[in-house]
There are 2 protein chains.
Amino acid sequence: MELSNKTEIIGSMLLKENIKPSYARIRIMEYLLSRKSHPTVDEIYTALVKEIPTLSKTTVYNTLNLFVKSNIARVITIEENETRYDADMSCHGHFKCESCKAIRDFSFKCAAIDTSDLDGFLIREKNVYYYGLCPECLASESQD
Amino acid sequence: MELSNKTEIIGSMLLKENIKPSYARIRIMEYLLSRKSHPTVDEIYTALVKEIPTLSKTTVYNTLNLFVKSNIARVITIEENETRYDADMSCHGHFKCESCKAIRDFSFKCAAIDTSDLDGFLIREKNVYYYGLCPECLASESQD
DNA sequence: CATATAAACTGTATTGGTTACAATTCTATT
DNA sequence: AATAGAATTGTAACCAATACAGTTTATATG
Ligand SMILES: [Mn+2]
Ligand SMILES: [Mn+2]
Ligand SMILES: [Zn+2]
Ligand SMILES: [Zn+2]
């Protein structure tokens, strides 16, 4: 069936990073991959605890920190107070609408950013955050 | 003398934004402008309280929030736990060395980032954060 | 100058996301 | 079944940031 297939795919992804594919870890990674919402710890916990009643919020924290350390998830610090997470490790930027608070991906060519100032630096990670208004909020704000 | 000249320049900068140029506000903005270190609230407070013994940390928070709202300073969320501030409002990126923790500016051409995915969006602010190793730390790490 | 009003500042209490840690449960091996 | 180690849990503690009420300072008016 499909669910076990997905479980196996995620399980082997974790095993490749020497992470034991426990049920909680698989479900957390599955949640990260299925949603493009860049969820917070609380969002992940609240969603999964319905199906995994024994789940602890500490486990969500531990698991996400483990994923980040293993480079299969990344931290999104687009907000000042709460950390968000993303399992999409491809090079892409994040736009946050200051009105509806939605955070969505946008693509850009990483190589297009000229970083001659950083010659001699080892660059491990790039985060690009844009802020503004999405088209929907822009339309509803102009009609006042 | 020079100090009063600097004070007047910062004072008129604040007045332009309808911010009353109180002593605390001028000194906080002066600290932000003189340092390129992107200081935290605690760094600013600790440095200034030596000269302004009555200074309250709440005032530092209030003042920085006021500056950010008036677009004469910006929040740097390059770290997960602590907010940093920058009075340099020009388009530039920030590089954080994961070894020595230093945060330094780098320049890039804002227009070079193709954002066709964001057609129809109103972009108000752009933050570019890079992480890695600075040349000094790179050299000291390779000699093991 | 004296008084009144508003703005700025201060100090403390509280909030909320995150981590520390010890106890418990689960998993794998013998 | 028994043991050891890993994973998970629940609570306590931490700490940056905010809320808030009280105090001080600045400005305006008579
Ligand atoms: Mn993303
Ligand atoms: Mn800067
Ligand atoms: Zn929106
Ligand atoms: Zn360094």
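Per chain, numbering begins at 1; letters A, B, ... match sequence-line order.
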Novice: Figure out the OH/P separation between B:Tyr85 and D:dA16, and round it to whole Å.
Specialist: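 Taking atom P of D:dA16 as the reference, OH of B:Tyr85 is at 12 Å.
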Novice: In whole Å, I'd like the distance from the OH atom of B:Tyr23 to the P atom of C:dT10.
Specialist: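 After rounding, the reported distance stands at 12 Å.
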Novice: Looking at B:Leu55, is its backbone amide N or carbonyl O close enough to the side chain of B:Thr59 to form a donor-acceptor pair, meaning the two atoms are under 3.5 Å apart?
Specialist: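 No; zero donor-acceptor contacts below 3.5 Å.
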Novice: Without decimals, in angstroms, what is the distance between B:Glu82 CD and D:dC14 C1'?
Specialist: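 To the nearest whole Å, that distance equals 13 Å.
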Novice: For B:Glu80 and B:Ile19, take the nucleotide of DNA chain C holding the closest heavy atom to each; which residue's nucleotide lies nearer the 5' end?
Specialist: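 Mapping each residue to its closest nucleotide by heavy atoms, the 5'-most match is B:Ile19.
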Novice: Is B:Lys57 touching bases, backbone alone, or none of the nucleic acid, heavy atoms closer than 4.0 Å?
Specialist: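 Nothing, no heavy atom under 4.0 Å.
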Novice: Take the angle between the ring planes of A:Phe106 and A:Tyr130 and call it parallel below 30°, perpendicular above 60°, tilted in between.
Specialist: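 A:Phe106 and A:Tyr130: tilted rings.
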Novice: I'd like to know if the side chain of A:Asp86 pairs up with that of A:His94 as donor and acceptor (distance under 3.5 Å, no hydrogens or angles considered).
Specialist: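 Yes.
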Novice: Nearest nucleotide by nearest heavy atom, which residue falls closer to the 5' end of DNA chain C, B:Ile52 or A:Asp42?
Specialist: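 Taking each residue's closest nucleotide, the earlier one in sequence belongs to B:Ile52.
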Novice: Test your reading of the model: is there a side-chain donor-acceptor pair from B:Ser70 to the backbone of B:Ile72, 3.5 Å cut-off?
Specialist: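 Judged by distance alone, no pair lies under 3.5 Å.
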Novice: On DNA chain D, check which nucleotide each of B:Thr58 and A:Pro53 is closest to and give me the residue with the more 5' one.
Specialist: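 In this pair, the answer is A:Pro53.
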Novice: Can a side chain N or O of A:Asn65 be found less than 4.0 Å away from OP1 or OP2 on C:dT19?
Specialist: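 For A:Asn65, the contact criterion (side-chain N or O under 4.0 Å from OP1 or OP2 of C:dT19) is met.
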Novice: Please classify the nucleic acid contact of A:Thr59 as base, sugar-phosphate, or nothing, using heavy-atom distances under 4.0 Å.
Specialist: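 It contacts base atoms.
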Novice: How close or far is atom C1' of C:dA7 from atom CG of B:Asn62, stated in whole angstroms?
Specialist: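 After rounding, the gap between these two atoms is 12 Å.
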Novice: Quick one: is B:Tyr61 getting a side-chain N or O under 4.0 Å of the D:dA17 phosphate, OP1 or OP2?
Specialist: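 Yes, such a contact exists.
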Novice: For B:Leu66 and D:dT18, give me the distance from atom CG to atom P, rounded to whole Å.
Specialist: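 In whole Å, D:dT18 P lies 13 Å from B:Leu66 CG.
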Novice: Between B:Glu43 and B:Arg35, does any NZ, NE, NH1 or NH2 come within less than 4.0 Å of an OD or OE carboxylate oxygen?
Specialist: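 Looking at B:Arg35 and B:Glu43, the cut-off is not met.
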Novice: Distance check: side-chain N/O of A:Thr54 vs OP1/OP2 of D:dT9, anything under 4.0 Å?
Specialist: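 Yes, such a contact exists.
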Novice: Just compare D:dT8, C:dG17, C:dC9 and give me whichever is closest to any side-chain atom of B:Ala24.
Specialist: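 Taking heavy atoms from C-beta onward, the closest nucleotide is C:dC9.
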Novice: Under 4.0 Å between any heavy atoms, over every strand shown, what does B:Thr40 touch: base, sugar-phosphate, or nothing? Just pick one.
Specialist: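 It contacts nothing in the nucleic acid.
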Novice: Side chain of B:Lys20, heavy atoms from C-beta onward: which of D:dA17, C:dA8, C:dT10 has the nearest atom to it?
Specialist: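 Looking only at heavy atoms from C-beta outward on B:Lys20, the closest nucleotide is C:dA8.
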Novice: To the nearest angstrom, how far is B:Tyr45 atom OH from D:dC15 atom C1'?
Specialist: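 It works out to 16 Å between those atoms.
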Novice: When the distance from CD1 of A:Ile78 to P of C:dG17 is rounded to whole Å, what number comes out?
Specialist: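 Result: 18 Å.
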Novice: Calculate the interatomic distance between A:Asn81 atom CG and D:dA16 atom C1'; express it in whole Å.
Specialist: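 Computing the A:Asn81:CG to D:dA16:C1' distance gives 11 Å.
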